[in-house]
Visitor: 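Got a structure for you, written out below as structure tokens; questions coming shortly.
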Amino acid sequence: MHGLNPPQRAAVEHVEGPLLVLAGAGSGKTRVIVEKIAHLIASGRMPARRIAAITFTNKSAKEMRERVAKRIRGDGAEGLTISTFHALGLRFLQIEHAKLGLRRGFSIFDSDDSAAQIKDLLGVGTKPDVLDGMRNLISRAKNAGLSPEQAMAEARSAREVEAATVYALYQARLTTFNAVDFDDLIRLPVQLLESDEECALAWRERIGYLLVDECQDTNDAQYRLLKALAGPTGLFTVVGDDDQSIYAWRGANPDNLLSLESDYPTLRVIKLEQNYRCSNRVLRAANALIANNPHTHLKTLWSEQADGERIRIWECRDSAHEAEKVAAEIQFTATARQAPWSDFCILFRGNFQSRALEKALQQVGVPYHLTGGTAFLERGEVKDAMSWLRLIANPDDDAAFVRAVTSPKREVGATTLARLAELAQRAGMPMSRAAESVGALQQLPPRAGNALNTFVGIVRGLREDARRLPPSELVRVLAEKSGLLLAIRAHCKDEASFQRRKANLEELADWFDGGKGAGPGELAAQLALLSHADKGEAGNQVRLMSLHGAKGLEFRYVFIVGVEDGTLPHDAALDEGSLEEERRLLYVGITRAKERLWLSYSKKAQKWGDMIRLKPSRFLDELPVAEVQRDGADPVADAAHKQERAAAGLAAIRALLEK
């Protein structure tokens, strides 16, 4: 524990009861979790196999595993669980599937699969906004830990009654398909643990000490899972920061931090306030901003770093002018300070704001990486291969069957599939089973029947391959035998695009390399948990991302654009009374900056064809005057900045001439 500050050391050494660590931005919370795991094992307080550390993203779980491996050499950490909430839920279901009415090899429906089923239940012609609204209501009920029956009992409007009805029908389909969706990975374990005391006791014996990161981001079901696993003794450490709770829109409940104190009266609270990331000027601005929100436990971040430069606030004509200023400043700073492009980040409230920024960066030749492009698992050929894997693992997965039988296209169209679905429903079996039935095939057009028969033969052959081949090799064989590679080649206009799409299937195969001895069903389920954030690095490029996507990251130079009323805070948030969360969102953005920070706003914008005037964000007035430098407010500082730019420009020209 060498190098820990006193509060960090206290958090590591407290192992006898429930602990809440309120960890401010950049205060070293991951190190505290890693050191606590090492302390629990080294002290003999808890063996590694009975410790579980839970976080929210695969990326942070991977980072924590790597840090634990460096901290605990040899096999000292063998059996330790470090995973996301959903990965823990998957492990639970794989062990307890029978108690929940699931069979081995169950599938996990992704968002597209779920949407297709709900759309089918609502009927053809359902408008996208109606479909999205229904999906959100069902997901909200699941994230609250409600069963269909409980959702119906709590329904208070006609819309909620309809959602509960569709929820019940949708859940019945999942049962028929031997499938769960992502929300079920938390809801079903909670349901079983709360209703089966023997099962709960067994899991508390399995997990003797629980560590939970980013607790402020838990939804109600995740919080109930924490309580069910920890039991009344509460041998846990939860780490969180109420000032960084920015995900209420997807079900996160920051009040869970407050609930801990009432649910566990012996809870100890330790605050981590020393920041190891930002300059003190950035921290003083962040502290002043967030102090406008109500707090149960107020934190004041401080640092041993230098004060640093004042925060620049720019007034711009419009978003194009704003983007041009940002691009020019990045180019200048990178040249003047010999800084790599990866030191820079541009943050915005909504993805639509990236367009002007991309154009401006392209015009001055600054490379950039826009976070939030097409996720790897969302690419067509990857989803096609995944549907085949799912079908190989689970013959009852109708969603996988429908995608696989049409990828690549064969003599099986929508009319044939509708007829097959009707025959399957009459026989009380999944569509893939019906496709194997001679009686069903005879009731279909000959060409379609023959195509289905051929498809069934390919699937059977791949199931045989799955028994003898490593999963990574199975993906490569599948790409050939299914006809996916041939279809991709036929679809691509040139060799380069074919090789890019083929490389995606190769990458998918590589993801399976670590799964020796596991069947395709388990590996497909594990793969479904992976997110875009786990693959692909931006490299030496300027990062463009939303404020929501920046949490947990840090950069030397940070630009936050669009700091206007109506954008930040957002109009919709103001209508919903979510001003405090919008303030937290800006706080998160400010505390990403290690050295320098720029905030900018536009005076006007085009909306619905009209030019409208904008007001600077009310949050700008909450920043301390001494910590900011507004355009034109300090002529001496502005002149010095211009002189610095001119000198840097001359230095760059001299360097080019010397080369």
Visitor: Where the side chain of S107 meets the backbone of F109, is there a donor-acceptor pair that is under 3.5 Å apart?
Guide: no

Visitor: Taking only residues two or more places apart in sequence or in another chain, which ones pass salt bridge (Lys or Arg N to Asp or Glu O under 4.0 Å) with R73?
Guide: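 None.
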
Visitor: K551: what forms a side chain to side chain contact (heavy atoms under 4.5 Å, CB included) with it, not counting sequence neighbours?
Guide: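 Residues passing side chain to side chain contact (heavy atoms under 4.5 Å, CB included) with K551: E214, Q216, D217, Q244, I246, Y247, V588.
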
Visitor: Could you go through residues 174-187 and list every donor-acceptor pair under 3.5 Å that involves a side-chain atom there, pairing it with any protein atom two or more places apart or in another chain?
Guide:
{"unit_1": "T175", "atom_1": "OG1", "unit_2": "Q171", "atom_2": "O", "d": "3.1"}
{"unit_1": "T176", "atom_1": "OG1", "unit_2": "A172", "atom_2": "O", "d": "3.0"}
{"unit_1": "N178", "atom_1": "OD1", "unit_2": "R103", "atom_2": "N", "d": "2.9"}
{"unit_1": "N178", "atom_1": "ND2", "unit_2": "R103", "atom_2": "O", "d": "3.3"}
{"unit_1": "D181", "atom_1": "OD1", "unit_2": "K142", "atom_2": "NZ", "d": "3.2"}
{"unit_1": "D181", "atom_1": "OD1", "unit_2": "D183", "atom_2": "N", "d": "3.2"}
{"unit_1": "D181", "atom_1": "OD1", "unit_2": "D184", "atom_2": "N", "d": "3.0"}
{"unit_1": "D181", "atom_1": "OD2", "unit_2": "K142", "atom_2": "NZ", "d": "2.8"}
{"unit_1": "D181", "atom_1": "OD2", "unit_2": "Y170", "atom_2": "OH", "d": "2.8"}
{"unit_1": "D183", "atom_1": "OD2", "unit_2": "S139", "atom_2": "OG", "d": "2.8"}
{"unit_1": "D184", "atom_1": "OD1", "unit_2": "K142", "atom_2": "NZ", "d": "3.0"}
{"unit_1": "D184", "atom_1": "OD1", "unit_2": "R187", "atom_2": "NE", "d": "3.2"}
{"unit_1": "D184", "atom_1": "OD1", "unit_2": "R187", "atom_2": "NH2", "d": "3.2"}
{"unit_1": "D184", "atom_1": "OD2", "unit_2": "K142", "atom_2": "NZ", "d": "3.1"}
{"unit_1": "D184", "atom_1": "OD2", "unit_2": "Q171", "atom_2": "NE2", "d": "3.2"}
{"unit_1": "D184", "atom_1": "OD2", "unit_2": "D181", "atom_2": "N", "d": "3.2"}
{"unit_1": "R187", "atom_1": "NE", "unit_2": "Y167", "atom_2": "OH", "d": "3.3"}
{"unit_1": "R187", "atom_1": "NH1", "unit_2": "Q191", "atom_2": "OE1", "d": "3.2"}

Visitor: Search all heavy atoms of K99 against all heavy atoms of C199 and return the closest pair with its distance.
Guide: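 Between these two residues, the closest heavy atoms are NZ-CB, 4.1 Å.
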
Visitor: By ring-ring contact (aromatic ring centres under 6.0 Å, His included), which residues pair with F56, not counting sequence neighbours?
Guide: F85

Visitor: Donor-acceptor pair, R543 side chain versus T371 backbone, under 3.5 Å?
Guide: no

Visitor: Please walk me through it: do S497 and D494 pass side-chain hydrogen bond (donor to acceptor under 3.5 Å, both in side chains)?
Guide: CA-CA 6 Å; S497 58; D494 52 57; 3.0 Å; yes

Visitor: Are the charged groups of R500 and E495 less than 4.0 angstrom apart, N to O?
Guide: no

Visitor: Can you check side-chain hydrogen bond (donor to acceptor under 3.5 Å, both in side chains) on N219 and N253, steps first, answer last?
Guide: CA-CA 5 Å; N219 58 37; N253 184 1; over 6 Å; no

Visitor: So, the side chain of S114 versus the backbone of S111: is there a donor-acceptor pair under 3.5 Å, distance only?
Guide: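 No: the side chain of S114 does not pair with the backbone of S111.
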
Visitor: Under 4.0 Å between a side-chain nitrogen and a carboxylate oxygen: does that hold for D120 and R173?
Guide: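 A salt bridge is present here (some side-chain N lies under 4.0 Å from a carboxylate O).
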
Visitor: Between E506 and R476, is there a side-chain N and carboxylate O pair less than 4.0 Å apart?
Guide: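 Salt bridge between E506 and R476, a charged N being under 4.0 Å from a carboxylate O: yes.
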
Visitor: Donor-acceptor pair, R224 side chain versus A144 backbone, under 3.5 Å?
Guide: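 Pair found, side chain donor or acceptor close to backbone of A144.
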
Visitor: Are the aromatic rings of W388 and F455 close, with centres under 6.0 Å apart?
Guide: yes

Visitor: Checking the side chain of N394 only, and the main-chain atoms of L391 only, is there a donor and an acceptor separated by less than 3.5 Å?
Guide: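 Answer holds: no.
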
Visitor: Backbone N or O of L192 within a donor-acceptor pair of the D196 side chain at under 3.5 Å?
Guide: no

Visitor: Just checking, any donor-acceptor pair under 3.5 angstrom between side chains of E154 and Q150?
Guide: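 Side-chain D/A pair, E154 to Q150: absent.
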
Visitor: Between R50 and T81, do the side chains contain an N or O donor and an N or O acceptor separated by less than 3.5 Å?
Guide: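 Side-chain D/A pair, R50 to T81: absent.
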
Visitor: Partners of K409 by side chain to side chain donor-acceptor pair (under 3.5 Å), sequence neighbours excluded?
Guide: none

Visitor: Donor-acceptor pair, S407 side chain versus A404 backbone, under 3.5 Å?
Guide: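 No: the side chain of S407 does not pair with the backbone of A404.
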
Visitor: Indicate every side-chain donor-acceptor pair of residues 428-436 with a distance under 3.5 Å to a residue at least two apart or in another chain.
Guide:
{"unit_1": "S432", "atom_1": "OG", "unit_2": "P395", "atom_2": "O", "d": "2.1"}
{"unit_1": "R433", "atom_1": "NE", "unit_2": "D396", "atom_2": "OD1", "d": "3.3"}

